[in-house]
Each structure stands twice: as structure tokens, then as C-alpha cells.
Amino acid sequence: MKRSYIPVGLLLVVLMLNIIFTQYMVHQYFYENYTNTIIAAVVNVLLFPVAFIIYKKGVNVND
Amino acid sequence: MSDKNNKIPFNEDNYTHNINRNNERKLDRRGFMKTLVGAAGVFAVSSLPWGVMAAKELNRLGDKKYPKHKIADLDKVPVGDAVDFHFPGEHDSAILIRLSEKKFVAYQNACTHLRCPVFWQKDEGEMLCPCHHGKFDVETGAPIAGPPRRPLPEIHVKVENGAVYAVGVKRYEA
Ligand code: FES
């Protein structure tokens, strides 16, 4: 199979989301909206398994 | 390749041949993806303390009581002057400014950009952060110039028996 760059793109999207949610989390913390802080933190944590799954699916394609 | 390696010394004009390993120093697609997954992991791990701190704050938010704290005697603070104090903890530096005979304002004076101490500029009538020239409005604590985006946390003050007291920290309106 031809190698695919879609997983690479998806991982870059995940990284972008990580950055956005981290920024949001820190700001919401100082704004004392602690619920939003927790939500952002949870999203950030969940993005890791997502990234890992994308990677697992992606490497099996020949490279 | 194979017959080359059998000659000793094989004639290769390369003194560093022994550092050639398979795929060393090659950032291929797979390696790049690994890096990205690693980055996601770092983000995930570094989010945890924030979540924990937020959860702690959330738990004790209901009964957040501030001890009454005496800042200064009234006659020690002339109109237009400022005094530094600490509130609510001893590491939370804060500033009290007397705007008029009756009007006092107080803020936690760690700059909302990178936490440098903000001070009161009497002549300009604004609060200035020396680090990157952030400015704050005295009346509200709102940022008016420079990098800070978030207002300074306001401290409620009360005048009682000839002295000024800090009684609480104002919550941001969500
Ligand atoms: S720390 Fe105050 S402006 Fe940067």
C-alpha cells in the first residue's frame, strides 16, 4: 500500500488542539472558572490516547 | 556492500563509517509521528496538575472565607498614596491605593501577564508593571496597555475605626 500522510495530518491537528486547550485551561484557571479548567485538562488527557490510536493505525501502512 | 566489508581494512575514504547505523539520524514519517504522539503525551501529563488544582479550588469554593486583615491606619495613608500589603496569604502581594478622602481601592498586584509586581504611579494616575510596561486602570483593575489581558483581582476593603481592612477578594464575573 502506498504510504499515507493522513495520519500525520491528523496528529498535527491533535497537536494543535493540545495547544489550544492548554492555553484555554491556563486562562480559565486564572479566571477562576475551575469547571472549564477541568474540562480542558480532561480533553488534553484524552487527546493522548487519540494520538496513540492514530499512530497505531498509521504505522501499519507501509512506510 | 558485502564484499566491501570483508576486506580489512576496507578501502573507504570515511573515518566515521562506524557510526552508520540503520536509519540513524533519519526522521522519517514514522519517527515524526512518534514525536507527535510523545508531544501529546507531554501535554496530557502537564495538564494533570492544573486539573488537580482546579478540582481543589472547586471543592472549597463554597466556604471560601477570608480573614479580616488590617492594612494600615487611616492617617498613615495620605490621599493619592499607596501601601503594599499581603492578602489573603502572606505570599499574595497586594497594593492599597487611596484615591480620595473616602475612596480606597486594593488589588492583588501580581501582574496578570507574568506576575511582576505592579506599582502605583501617582503622577500618571495608573498602575504600571515595570517588566513589560503593562498598565492597569486604578478604578477597576482592568488592563489598559501592554501585554496583560486579565484584570487585576480586586480586594474588598472596609474602613473601620480609623483603619483600613481587607475583607475579601472579588470573584471574576464568569
Ligand atoms: S509581567 Fe507585567 S507586563 Fe509582563
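Predicted model, so just to flag it, every value in this text is computed and none were measured. Below, read A as the first sequence line, B as the second, and so on, with proteins coming before strands; counting in each chain starts at 1.
When atom types are taken as modelled, the side chain of Arg30(B) and the backbone of Tyr55(A) share no donor-acceptor pair closer than 3.5 angstrom.
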Show which side-chain atoms of residues 136-157 of chain B pair as donor or acceptor with protein atoms under 3.5 Å away, not counting sequence neighbours.
unit_1	atom_1	unit_2	atom_2	d
Asp137(B)	OD2	Glu139(B)	N	3.1
Asp137(B)	OD2	Thr140(B)	N	3.1
Asp137(B)	OD2	Thr140(B)	OG1	3.2
Glu139(B)	OE1	Lys103(B)	NZ	3.2
Thr140(B)	OG1	Ala142(B)	N	3.1
Arg150(B)	NH1	Tyr172(B)	OH	3.1

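For the set Val26(A), Leu15(A), Val14(A), Val42(A), the entry with the most heavy-atom pairs within less than 4.5 Å of chain B is Val26(A). Options Thr22(A), Leu11(A), Leu46(A) differ in how many heavy-atom pairs under 4.5 Å they form with chain B, and the most are formed by Leu11(A).
For Tyr165(B), the OH atom sits in a packed shell: over 12 heavy atoms of surrounding residues, nucleotides or ligands are nearer than 6.0 Å. Within a 6.0 Å radius of NZ in Lys56(A), other residues, nucleotides and ligands contribute 12 heavy atoms or fewer.
In the hydrophobic cluster analysis, where Ile, Leu, Val, Met, Phe, Trp and Tyr join through side-chain heavy atoms closer than 4.5 angstrom, Val83(B) is grouped apart from Ile95(B). By the rule that hydrophobic residues join a cluster once side-chain heavy atoms approach within less than 4.5 Å of another member, Leu96(B) and Tyr107(B) end up as members of separate clusters. Criterion: ILVMFWY side-chain heavy atoms under 4.5 Å apart, direct or through other members. Under it, Ile54(A) and Val13(A) are part of a common hydrophobic cluster. Cluster membership for Phe48(A) and Tyr24(A), using ILVMFWY side-chain heavy atoms within less than 4.5 angstrom, is not shared. By the criterion of side-chain heavy atoms lying less than 4.5 angstrom apart, applied directly or through intervening Ile, Leu, Val, Met, Phe, Trp or Tyr residues, Phe21(A) is grouped together with Phe52(A) in one hydrophobic cluster.
Using a 4.5 Å cut-off on side-chain heavy atoms (C-beta onward), Phe30(A) and Thr112(B) make no contact. A heavy-atom distance below 4.5 Å is not found between the side chains of Met53(B) and Tyr34(A). Looking at Leu12(A) and Phe32(B), their side chains come closer than 4.5 Å, going by heavy atoms from C-beta outward.
Contact residues of residues 33-48 of chain B toward chain A are Met33(B), Lys34(B), Leu36(B), Val37(B), Ala39(B), Ala40(B), Gly41(B), Phe43(B), Ala44(B), Ser47(B), Leu48(B) (heavy-atom distance under 4.5 Å).
Residue contact with chain B, scored on non-hydrogen atoms closer than 4.5 Å, involves the side chain of Tyr29(A) exclusively. For chain B, the nearby parts of Ile19(A) are the backbone and the side chain; heavy atoms of each come within less than 4.5 Å.
When all heavy atoms of Arg29(B) and Ser4(A) are compared, the pair lying nearest together is NH1-O, 2.5 Å.
If you take CH2 on Trp50(B) and CG on Asn44(A), they are separated by 12.0 Å, rounding to the nearest 0.5 Å.
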